[in-house]
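Notes to accompany the following structure.
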Amino acid sequence: MCPPPAPAPAPAPAPAPLTTVGRSVPRREGADKVTGRARYTDDLTIPGAWYGKAIRSTVPRGRIRSITFDPLFDSERVVVVTADDIPGDNVVHLIRDDQPILATRGGEVRHREEPILLLAAPDRGALEEAASHIQIEYEILEPVYALEKAIEVFSTVEITKGDIATAERSADFVVQHEFRVGSQEQLYIEPQGAIAIPAEEGRGKAEASMTVIGSLQCPYYVHRALKRALNLTDRQAVVIQAETGGGFGGKEEYPSIVAIHAALLARKAGRPVRLVYDRHEDLAATTKRHPGIITHRTAVKKDGTLLSQDIEIVLDGGAYCTLTPVVLSRAAIHAAGAYACPNVRIRARAVATNTPPNGAFRGFGAPQSLFAAELMVEHVAERLGVSSVDLRRKWMLRLGDTTATGQNLTESVGSELVLDAALKAAPAIRPSDDPTIRRGRGLSLVFHGSGFTGSGEKKLQGTIGFEALADGTFRILTASTEIGQGTKTIFCQLAADALGVGLDNVVLAPQDTSLVPDSGPTVASRTAMIVGRLVQEAAEEIKERLTRERPPFKVEKSYIQPDSMHWDEATYRGDAYPVYAWACTIADVDVDMTTGEVRVTDLVTAVDCGKALHPVMAEGQIEGGCLQAVGWATIEEIKMKDGGYQNDRLATYLIPTALDAPRIRTILVENPYSRGPFGAKGIGELPMDGPAPAIVAAIHDATGVWLDEVPATPEKVLAACASR
């Protein structure tokens, strides 16, 4: 008898999809950067390119009487561009039409370093020789430097909740303090630079009249500015991001000026022109963090109940508006801190001075106002005789609470989570063996809105494209740039997981305005959360279409504001941000009572990131932001003289080095946000917000004196101790 047939083998289980989100996969551009293959703007070889340079004002305020070339110099050897050579509008397109591309004869110069004319020459030697033969005469006008004397107001914001007067009448204590915050240089590793290529030297695109390749964060900012200045159409202006060595906001709006200058020179010269700043020019001429004065008046009960906050903010915008209104907006919205208060009044204004314009910098106004908010908690706790940690726990915003703008916090509120995580991780403070060293500890609790303020994302309607290609691979089309934070990697991670394919099957298209749609600027902690969500949604749609359609095909996704979000621009009421990220920082310092030097020895930072898409890069963002904040808090002091930066050299503008860096312990708290990609929230700016107030509180803990300002330089520390 024949044996029965063997049973058919069970089908092999389908392999589990290889997930990349939440794993620290290799960076897409990492190998090229560490091996030197990455090509930054100044590395690019463009045959026949000339060198460009801006000739700048040497006075803080005045009228141009005359511009003359030394008759002994042959000016035919160079190309000279003045305001008369601008074919379009003589404005740097942004929020307000107040900043000229080049000053005009008879026009007013409003700050030292204001560009007056442009030069291009075939070599650097001829360029510098030509620059030395230009004479500019001015009618000197009286400059304004002090915020208290400023008359022109760029922007105002007022936020009101409840009734301040009634709250103060019922208070047991009203505590008032003034806080001052200093300016700060972004100090990205690669200076500003652009190469402009006119049509005949272009990239084979017949419709392009001017192509600009540069170090930048926001290709479409530059694109709009270039179109307006040179009177070009969308197709005629092409902007391409080169590999970019850092931004921190400093390459948000300022590259528009560099690109326009290079393009004007290329247009007149009829050949490519490269305009790359050296470090001195970059430090002297570019935008910085807004300095300012913040005054807090806080009413409380004896039991610590918070009754009201009355806050006034004045920021220095410098000579021109740039992005000052939106910096002021974010500063005002965050001014009450991460706390629930029934009665709030915030009055904020930004004014003009005859100093170089200030602009975007990581945190975008929130570090300034949160510095004051956090130190105010310390002052109130001291007045009440209670722990500032306990007071924060009593005041902190929780699920269901409302912010100063009246926004109801409905999900992903991580205030208590990060506070508990940081306190648990903080090491014990060891006593110093040196009698001249005093040790102290301080803490801060902050939040930061992810994405554009209010209806900003709705107005922008950022768009991305996503292609399924015939060879089975996929390509993401977005204007979001890689500036060191990991965009090229996390977008591919999001797409690969949403598609259920390997990471190597997904690529990112170049950030070229002739190829990619406008997905919005790479700013405001929006890239991962807002644009990343669009990438995820587009990938999910492509995956569904692949079940019934053969590639190649393409989908586009644009941001759609949730129906639950409501914002009133006129009253500053409603949902200021889709969601907030949260952080608690604990700082330990050593203060040398002989020299006044403050050394930050240890930082613990717990961050509610929603979901860590790439843990190593998330930790890197936090560590980098914390170290920038350490510099702002302790040693990065910009000194002004006659309206210009006095310490405009790397030898005199100090930043923390590896030897100055404290030990930084980063704790990633995952508290998912439903509309973030795989639950993620934006955290790029958040790490800048918390360390400065924690450090100043630690200095007080060590010395018993309050500084109420940053940077806490040795001179200021010694003066405060002496006055005590």
Does any N or O in the side chain of [X] come within less than 3.5 Å of the main-chain N or O of [Y], such that one atom is a donor and the other an acceptor?
X	Y	answer
R526	P521	yes
K268	A266	no
T487	T481	yes
E482	Q485	yes
Q217	G249	yes
Q368	V181	no
E597	P714	no
S369	A332	no
H334	R330	yes
K251	C218	no

Run the side-chain contact (heavy atoms from CB on, under 4.5 Å) test on H177 and L375 for me, step by step, so that the C-alpha distance in whole Å, both residues' side-chain angles and the decisive distance to 0.1 Å come before the verdict.
CA-CA 9 Å; H177 279 272; L375 287 187; over 6 Å; no
Dump the intermediate steps for side-chain contact (heavy atoms from CB on, under 4.5 Å) on V717 and V598, then the final yes or no.
CA-CA 8 Å; V717 172; V598 176; 3.8 Å; yes
Just wondering, do [Y] and [X] contact through their side chains at under 4.5 Å, heavy atoms?
X	Y	value
I635	I655	no
I213	I197	yes
R663	T601	no
Y645	M640	yes
V80	F69	yes
L187	L650	yes
V144	I151	no
I483	Y188	no

Going through the distances and angles, do S256 and H93 end up as a side chain to side chain donor-acceptor pair (under 3.5 Å)?
CA-CA 8 Å; S256 294; H93 179 80; over 6 Å; no
Gap separating the [atom1] atom of [X] from the [atom2] atom of [Y], nearest 0.5 angstrom:
X	Y	atom1	atom2	result
Q186	T286	CD	OG1	6.0 Å
S215	I195	OG	CD1	11.0 Å
R289	F361	CZ	CZ	4.5 Å
D648	D282	CG	CG	11.0 Å
Y277	K53	OH	NZ	10.0 Å
R274	L265	CZ	CG	13.5 Å

Intermediate values then yes/no, side-chain contact (heavy atoms from CB on, under 4.5 Å), R349 and E312:
CA-CA 8 Å; R349 70 184 189 277; E312 183 178 5; 3.0 Å; yes
Heavy-atom closest contact ([X] atom, [Y] atom, distance):
X	Y	answer
V222	A259	CG1-CB, 3.5 Å
A263	L226	CB-CD1, 3.6 Å
T322	P357	CG2-CB, 3.7 Å
L603	A587	CD2-CB, 3.5 Å
V79	A269	CG2-CB, 3.8 Å
T41	E190	N-OE2, 3.5 Å

Under the rule for salt bridge (charged side-chain N to carboxylate O under 4.0 Å, His left out), what residues qualify as partners of D89, not counting sequence neighbours?
R228
Decide, yes or no, whether a salt bridge links R39 with D32 under the criterion of side-chain N to carboxylate O below 4.0 Å.
no
Donor-acceptor list for residues 682-697 side chains, cut-off 3.5 Å, not counting sequence neighbours:
unit_1 : atom_1 : unit_2 : atom_2 : d
E685   : OE1    : H448   : NE2    : 3.2
E685   : OE1    : S525   : N      : 3.3
E685   : OE1    : S525   : OG     : 3.0
E685   : OE2    : G363   : N      : 3.3
D689   : OD2    : H448   : ND1    : 2.7

Apply side-chain contact (heavy atoms from CB on, under 4.5 Å) to the pair I293 and E148, showing each step before the final yes or no.
CA-CA 10 Å; I293 303 170; E148 295 84 357; 3.5 Å; yes
Count the heavy atoms of every other residue, nucleotide or ligand shown that sit under 6.0 Å from NZ of K33, and state whether that count exceeds 12.
yes
Output side-chain donor-acceptor pairs under 3.5 Å for residues 100-118, partner residues at least two apart or in another chain, one line each.
unit_1 : atom_1 : unit_2 : atom_2 : d
E108   : OE2    : R61    : NE     : 3.0
R110   : NE     : A319   : O      : 3.4
R110   : NH2    : E152   : OE1    : 2.7
R110   : NH2    : A319   : O      : 3.2
R112   : NH1    : K641   : O      : 3.1
E114   : OE1    : R110   : N      : 2.8
E114   : OE1    : Y320   : OH     : 3.1
E114   : OE2    : Y320   : OH     : 2.7

N/O donor-acceptor pairs under 3.5 Å from side chains in residues 133-141, not counting sequence neighbours:
unit_1 : atom_1 : unit_2 : atom_2 : d
H133   : ND1    : E129   : O      : 2.8

Show me the pairs that pass side-chain hydrogen bond (donor to acceptor under 3.5 Å, both in side chains) and involve residues 352-364, at least two apart or across chains.
D316-T353, T353-T355, R362-Q628
Can you sort out the partners of W706 under ring-ring contact (aromatic ring centres under 6.0 Å, His included), two or more places apart, ordered by chain and number?
H379, H700
